[in-house]
Amino acid sequence: MRLPIYIDQFEARKRYKDILHDTHKGLQGHALLIGGSYGKIGAITLASRAALRTGCGLVTAFVPKCGYEIIQISNPEVMVLTDVNKKYLSDMHYDFQPNAIAIGPGLGQALETQKAFYDFLVKQKSPLVVDADAINILAQNPEWLTLLPRQSILTPHPKELERLIGSWCNQEEKVTKARAFAQRYQIILVLKGGPTQVVFGQEFYENTTGNQALATAGSGDVLTGIIASLLAQSYSPIDAAILGVFIHGLTADLAVPKTGYESFIASTIIKYLGKAFLFIANETGIPKT
Ligand SMILES: NC(=O)C1=CN([C@@H]2O[C@H](COP(=O)(O)OP(=O)(O)OC[C@H]3O[C@@H](n4cnc5c(N)ncnc54)[C@H](OP(=O)(O)O)[C@@H]3O)[C@@H](O)[C@H]2O)[C@@H](O)CC1
Ligand SMILES: Nc1ncnc2c1ncn2[C@@H]1O[C@H](COP(=O)(O)OP(=O)(O)O)[C@@H](O)[C@H]1O
Ligand SMILES: [Mg+2]
């Protein structure tokens, strides 16, 4: 098996873009995060807060009606659009053009949601971030995979990956199958775990940040928000995926000496995003190439 390209501070630094002094929220990108269902609005709440803390100018969450007050109260900076349905999404309808869309956290797999996801996919032209139940729905309806815009980023954890590509006997087989899948559908696969790997075309990357503190509910939902935010800020899909997993893992490395593993929760990732960005921007000592 070919050696991976390690996602380290050099790879992160060369991809990182400074925020310009004369920018404004309209230039910083608008991310749309679609998901949530009754009992799982937290997933999209976390994803949308992470998107804001990653620097995009505007964030809209599209959730079922039961999520409206939850998100408005917990994230006042986030705008909220609601579905006609109370408990799960049934019609992903919005009348603006976001710079990036992520779909899946907390979405559920109700039949009406699956149909709405199909109608949504048919209309998409720009790369998406696809996570959690949106991946599970694709695994149940593999013929829809061809509808994914090229260079969409799928972020499965190992169980979601298995639903998508089937089981594997060892790491080598996993990567071989993932690579064939990514090439077939012309997508980027973020294989979450410890360590997280990224598969894109002929390239295979492995992240060097992160630790077991990330094994906590909502950790992946936060990653989805981070990657969507970078995509909305005009990072290319592969740069958004690579920088996203590096920053996500770095928060845990920076936090654990202060929090310990046990008290680290998904909100702690968001809390440490600022320190992670400062590290990449200023503390690596690596000049911008
Ligand atoms: N606050 C909220 O609103 C939250 C909402 N959330 C939302 O819930 C929805 C369901 O998502 P989900 O991931 O919890 O369920 P699911 O896909 O069945 O996977 C679980 C199974 O997968 C496995 N597994 C997982 N990781 C693994 C690993 N690293 N390595 C190996 N195996 C691993 C493991 O299987 P086991 O080992 O038990 O066989 C485990 O039992 C989704 O929409 C999500 O966004 C959550 O984000 C939480 C916070
Ligand atoms: N032991 C570990 N070491 C490093 N990273 C981990 C570990 N366990 C989980 N993670 C990371 O935490 C995140 C978990 O994502 P996911 O399972 O989708 O969580 P959730 O659905 O609860 O948000 C992934 O980014 C994964 O790489
Ligand atoms: Mg998840």
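Start at 1 and go down the list; that is how both ligands and their atoms are numbered.
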* To do: Using a 4.5 Å cut-off on heavy atoms from C-beta on, say whether the side chain of L107 contacts that of N136.
  => no

* **Closest approach of any protein heavy atom to atom 10 (C) of ligand 1, naming residue and atom** => K40 NZ, 4.2 Å

* Run down the list L214, D131, D221, T216 and name the one with the heavy atom closest to atom 10 (N) of ligand 2. => L214

* Is the number of heavy atoms from other residues, nucleotides or ligands within 6.0 Å of OH (Y185) greater than 12? -> yes

* Mind telling me whether F117 and W144 have parallel, tilted or perpendicular rings, with 30° and 60° as the class edges? => perpendicular

* Asked: Do F204 and L3 come close enough that some side-chain heavy atom pair is under 4.5 Å?
  -> no

* Asked: Relative to the heavy atoms of A217, which atoms of ligand 2 are at a distance of less than 4.0 Å?
  -> 22 (O)

* To do: Considering only non-hydrogen protein atoms, determine which one is nearest to atom 12 (P) of ligand 1 and report residue, atom name and distance to 0.1 Å.
  => H157 NE2, 4.1 Å

* Is L138 close to V130 at the side-chain level, that is, under 4.5 Å between some pair of heavy atoms? -> yes

* Donor-acceptor under 3.5 Å (D8 side chain, F10 main chain) -> yes

* Structure fact -> When distances are taken from atom 39 (O) of ligand 1, the protein heavy atom at minimum range is K159 NZ, 3.4 Å

* **Atoms in ligand 1 with a heavy atom of G42 nearer than 4.0 Å** => 3 (O)

* To do: Would you please determine whether G193 falls within less than 4.0 Å of ligand 1 on a heavy-atom basis?
  => no

* Of all the non-hydrogen atoms in the protein, which one sits nearest to atom 45 (O) of ligand 1, and at what distance? -> G106 N, 2.9 Å

* Is it true that G218 lies under 4.0 Å from ligand 2, counting heavy atoms only? -> yes

* Asked: In the protein, which heavy atom is nearest to atom 47 (O) of ligand 1, and how far is it?
  -> D221 OD2, 2.7 Å

* Which protein heavy atom lies closest to atom 11 (O) of ligand 1, and at what distance to 0.1 Å? -> E160 OE2, 4.7 Å

* To do: Would you confirm whether Q28, through its side chain, and G55, through its main-chain N or O, come within 3.5 Å as a donor-acceptor pair?
  => yes

* Is at least one protein non-hydrogen atom found at under 4.0 angstrom from atom 14 (O) of ligand 1? -> no

* Answer with side chain, backbone, both or neither: which part of H248 has a heavy atom less than 4.0 angstrom from an atom of ligand 2? => side chain

* Check the angle between the aromatic planes of H30 and F96 and answer parallel, tilted or perpendicular using the 30° and 60° thresholds. => parallel

* **Closest protein heavy atom to atom 42 (C) of ligand 1, given as residue, atom name and distance to 0.1 Å** => D133 OD2, 3.5 Å

* R15 to Y205 - nearest heavy-atom pair and separation -> NH2-OH, 4.1 Å

* Sub-3.5 Å N/O-N/O distance, A43 and ligand 1 -> yes

* Asked: Is any side-chain N of the basic residue among D239 and K14 closer than 4.0 Å to the acidic one's carboxylate O?
  -> no

* **Contact check: H157 vs ligand 2, nitrogen or oxygen atoms, below 3.5 angstrom** => no

* Structure fact -> Of all heavy-atom pairs linking S219 and I269, the shortest is OG-CD1, 3.6 Å

* Please step through side-chain hydrogen bond (donor to acceptor under 3.5 Å, both in side chains) for the pair N207 and Q197, ending with a clear verdict. => CA-CA 6 Å; N207 191 28; Q197 297 160 326; over 6 Å; no

* To do: Could you list which atoms of ligand 1 come closer than 4.0 Å to a heavy atom of R163?
  => 16 (P), 17 (O), 18 (O)

* To do: Under 4.0 Å, heavy atoms only, figure out whether ligand 2 is touched by the backbone of N211, its side chain, both or neither.
  => backbone

* Just need the protein heavy atom nearest to atom 48 (C) of ligand 1, so name the residue and atom and give the distance. => G218 N, 3.9 Å

* Asked: Under 4.0 Å from atom 34 (C) of ligand 1, is there any protein heavy atom?
  -> no

* Asked: Counting each atom of ligand 2 from 1 as listed, which ones have a heavy atom of T196 under 4.0 Å away?
  -> 27 (O)

* Looking at atom 19 (O) of ligand 1, is any protein heavy atom nearer than 4.0 Å to it? -> yes

* Using distance alone, determine whether P158 and ligand 1 share an N or O pair under 3.5 Å. => no

